[in-house]
Amino acid sequence: MALPSTSVSVSTFPLHLLPASDPPYKLLQSHPSLSLLSKCKSIQTIKQVHSHIIKTGLHHTQFALSKLIEFCAVSPFGDLPYALLLFHSIDEPNQFIWNTMIRGLSLSSTPELAMEFYVKMIWSGILPNSYTFPFVLKSCTKMDSTQVGEQVHGQVLKLGLDSDAFVHTSLINMYAQTSQLGNARLVFDKSPLRDAVSYTALITGYISIGYMESAREIFDEIPVRDVVSWNAMIAGYVQAGQYEDALAFFKEMIEANVVPNESTLVTVLSGCAQSGSLEMGKWVRSWIDDHGLGFNIHIVNALIDMYSKCGDLDRASDLFEGLEQRDVISWNVMIGGYTHMSCHKEALGLFQRMLQSNIEPTDVTFLSILPACASLGALDLGKWIHAYIDKNIQYSDNISIWTSLIDMYAKCGSIEAAQQVFNSMKHRSLASWNAMISGLAMHGLAEKALELFSRMTNEGYKPDNITFVGVLSACSHAGLLDLGRQYFSSMVQDYAISPDLQHYGCMVNLLGRAGLFDEAEALIQNMEMKPDGAIWGSLLGACRVHKRVELGESVAKHLFELEPENPGVYVLLSNIYAGAGRWDDVARIRTLLNNKGMKKVPGCSSIEVDRVVHEFLVSDKVHPRCKEIYDMLNEVDTLLEKAGFVPDTSEVLQDMDEEWKEGALSHHSEKLAIAFGLISTKPGTTIRIVKNLRVCGNCHSATKLISKIFNREIIARDRNRFHHFKDGSCSCNDFW
DNA sequence: TTAGGGTTAG
């Protein structure tokens, strides 16, 4: 924005003719140069105003400089380094200027500097006043330093400033936010200065340590509750997961004739979103419409979030598209909504649109978009995001983002890159270790996963239930039965973690694969909870491997009860019959399936080429390069045959009808994706594919040979794990 | 003479 320079006459006030002491305040306050400040939207325009101030001689007045510093230090369009520069140009800054610098720094990401300025202020002989301490105490709160906070409290008492309501509340807030509720309470109780604000500061302290009931008691004591105190309680209930209480409070608030504001509605809607309750959300929506608030962008954003989290993506998208002005939150909630509902392609598409609209993504964007990349196997896009994050310093200490990158790389098949990100992290959270361990596990790198687990415990991290899912799945993917047993009992005995369904699933898988059916069944019987479909499914899979037809039948019965609509159970059972040569039973199951009108979930494989994800279904013929793909498939089949490959037809039901009609196994989705990879990438390039189902035995054998014949590394992710095909063999050692 | 405390997307 260029400033209208002609509108400011240098001679408006001939201030340069005045003596150095400040002229009358009224004259200064209305000076055009200073009123221009409020129009500034960038550092360039601030500099222009600064030069106006110099031209008009205003820079001789501390008042003008203080207004300039205030704008630079506090306004969202300001520039803290410029404020510092201005500050250092002043010989003897007055109390207001010191306070303003402390205020600006307390808002920044470096509150330590605010403390430094506070100390310097005292050293320079300027006494802090009742304005200074709210800023200083905010810095203490931000630094989470109880020691410094207590020292400042001492100085407040010495100066007798504890009788100021603002200082008083700031003290309560400082103690409340640094988990010293006892001290917060003491300050609160000892002083007669109690208003809705100080009550609310105390309430949020109790909420932050999860004491909702204490918060409620204090709330009931407030003589006059204002909108913020209601908002705080509603936010507390949302945070505590007490969504119905949050809504009840919202209704009570309206009955008490307190007018909800934007915060109230954003908070209530986020509660509806988190609880997934569309009914609640609709009720709030109608209130919003009745009160004409449907045009507030923050409220619309919250509505988009609510609808998409409650599963109504159409309504969410309508609101999103209907927005005239979208801010970054609008984009983030819509992308996050798609990810939440597993519409990963839509999430990626919207992200591309966001970039095209020149909206800067934020860390929240990446936390939504990286899982979408992970799910689709969109490695190139993931890499692009990694490069973007690398370039933007503000993400350098965001552990969640780096953890998401580890997860993305691992799930996109690039375990080396995941490892590199993990190694480069200076600070890690438990989730970072978990992501790396699970990543190694799904790549079948059990030894490395277990090594990492012991490194993690040596470094003092306490593993949680998710860690053990990773550890046990590492054992299960590598068939490490004894180690699996050891970790399972260590989890219970050494870490007091009670096993959940996922842990049992790994153990049943391990035992089943080893053919230890009695032990597996005993384990299932001793579970504290009812086994789910995954547990029985795992056992049924083992029955197929070990050709245990009768046991398979009885296991399938459990599954038919639990998941009557899951065609996978019928498919697996029919494969068990096929393996035993019981073709009549195979036919019976097929008829049963057809009669029930159930369709197997179609096999779907995807491959990313040049940042575009291509998806293939069984015998798909819709791809633009369909002809070339099928030509390549023919060539592959010919070469496979030459190499002595004999298709195994025992798993013909894997893809049911479609496959049956084709009469061959050569058109499974993974083979189409591989053929497309072969024709669309340079020789020698690694081919990465993602399949939604478990890879079938036939394709597994074929892919091993393809990797040898075409001299390509093929990395395939199926529903359970990764397979690295190279030189005719697979990293899973045919065990999956 | 200018300002300051408690609530708000994942």
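Every chain is numbered from 1 and lettered A, B, ... according to where its sequence line falls, protein lines coming before strand lines.
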Indicate whether the side chain of [X] and that of [Y] have a donor and an acceptor atom separated by less than 3.5 Å.
{"X": "A/Asn332", "Y": "A/Asn301", "result": "no"}
{"X": "A/Ser270", "Y": "A/Thr267", "result": "no"}
{"X": "A/Asp226", "Y": "A/Ser229", "result": "yes"}
{"X": "A/Thr178", "Y": "A/Asp144", "result": "no"}

Given [options], identify the nucleotide with an atom nearest to the side chain of [X].
{"X": "A/Lys309", "options": "B/dG6, B/dG4, B/dG10", "result": "B/dG10"}
{"X": "A/Ser130", "options": "B/dG4, B/dG10, B/dG6", "result": "B/dG4"}
{"X": "A/Val228", "options": "B/dG4, B/dG6, B/dG10", "result": "B/dG6"}
{"X": "A/Val364", "options": "B/dT2, B/dA9, B/dG6", "result": "B/dA9"}
{"X": "A/Tyr131", "options": "B/dT7, B/dA3, B/dA9", "result": "B/dA3"}

Scan [X] against the nucleic acid and name what it touches under 4.0 Å (heavy atoms): base, sugar-phosphate only, or nothing.
{"X": "A/Ala273", "answer": "nothing"}
{"X": "A/Ser330", "answer": "nothing"}
{"X": "A/Asn94", "answer": "base"}
{"X": "A/Thr132", "answer": "nothing"}

Short N-O contact, A/Lys67 and A/Glu70, less than 4.0 angstrom:
yes
Let me know the distance between [atom1] of [X] and [atom2] of [N], rounded to the nearest Å.
{"X": "A/Lys138", "N": "B/dA3", "atom1": "NZ", "atom2": "C1'", "value": "13 Å"}
{"X": "A/Leu202", "N": "B/dG6", "atom1": "CG", "atom2": "C1'", "value": "11 Å"}
{"X": "A/Phe320", "N": "B/dA9", "atom1": "CZ", "atom2": "P", "value": "19 Å"}
{"X": "A/Ile102", "N": "B/dG4", "atom1": "CD1", "atom2": "P", "value": "15 Å"}
{"X": "A/Tyr338", "N": "B/dG10", "atom1": "OH", "atom2": "P", "value": "18 Å"}
{"X": "A/Asp226", "N": "B/dG6", "atom1": "CG", "atom2": "C1'", "value": "8 Å"}
{"X": "A/Asn129", "N": "B/dG4", "atom1": "CG", "atom2": "P", "value": "13 Å"}
{"X": "A/Arg225", "N": "B/dG6", "atom1": "CZ", "atom2": "P", "value": "21 Å"}

Sequence-distant partners of A/Gln155, side-chain hydrogen bond (donor to acceptor under 3.5 Å, both in side chains), two or more places apart:
A/Tyr118
For A/Ser75, enumerate each residue passing the side-chain hydrogen bond (donor to acceptor under 3.5 Å, both in side chains) test, keeping only those at least two apart in sequence or located in another chain.
none
Any residue of residues 247-267 of chain A with a heavy atom less than 4.0 Å from an atom of DNA chain B:
A/Glu262, A/Ser263, A/Val266, A/Thr267
Residues touching DNA chain B, which here means a heavy atom under 4.0 Å, drawn from residues 155-185 of chain A:
A/Asp164, A/Ala165, A/Phe166, A/Thr169, A/Ser170, A/Asn173
Go through the N and O atoms of the side chain of [X] and the base of [N], and report whether any donor-acceptor pair is under 3.5 Å.
{"X": "A/Asp195", "N": "B/dG5", "answer": "yes"}
{"X": "A/Ser66", "N": "B/dT2", "answer": "yes"}
{"X": "A/Asn99", "N": "B/dA3", "answer": "yes"}

Under the ring pair (Phe, Tyr, Trp, His ring centres under 6.0 Å) rule, collect the residues that match up with A/Phe188, sequence neighbours excluded.
A/Tyr199
Please list, chain by chain and in numerical order, all residues satisfying ring pair (Phe, Tyr, Trp, His ring centres under 6.0 Å) with A/Phe366, sequence neighbours excluded.
A/Tyr388, A/Tyr395
Using a 5.5 Å cut-off between ring centres and planes within 30 degrees, is A/Trp230 stacked on the base of B/dT7?
no
For A/Tyr409 and A/His386, take the angle between the two ring planes, folded into 0 to 90°, and tell me which bin it lands in: parallel under 30, tilted 30 to 60, perpendicular over 60.
perpendicular
Check for me whether A/Lys120 meets the cation-pi criterion with A/Phe117, that is, NZ or CZ under 6.0 Å from the six-membered ring centre and within 45 degrees of the ring axis.
yes
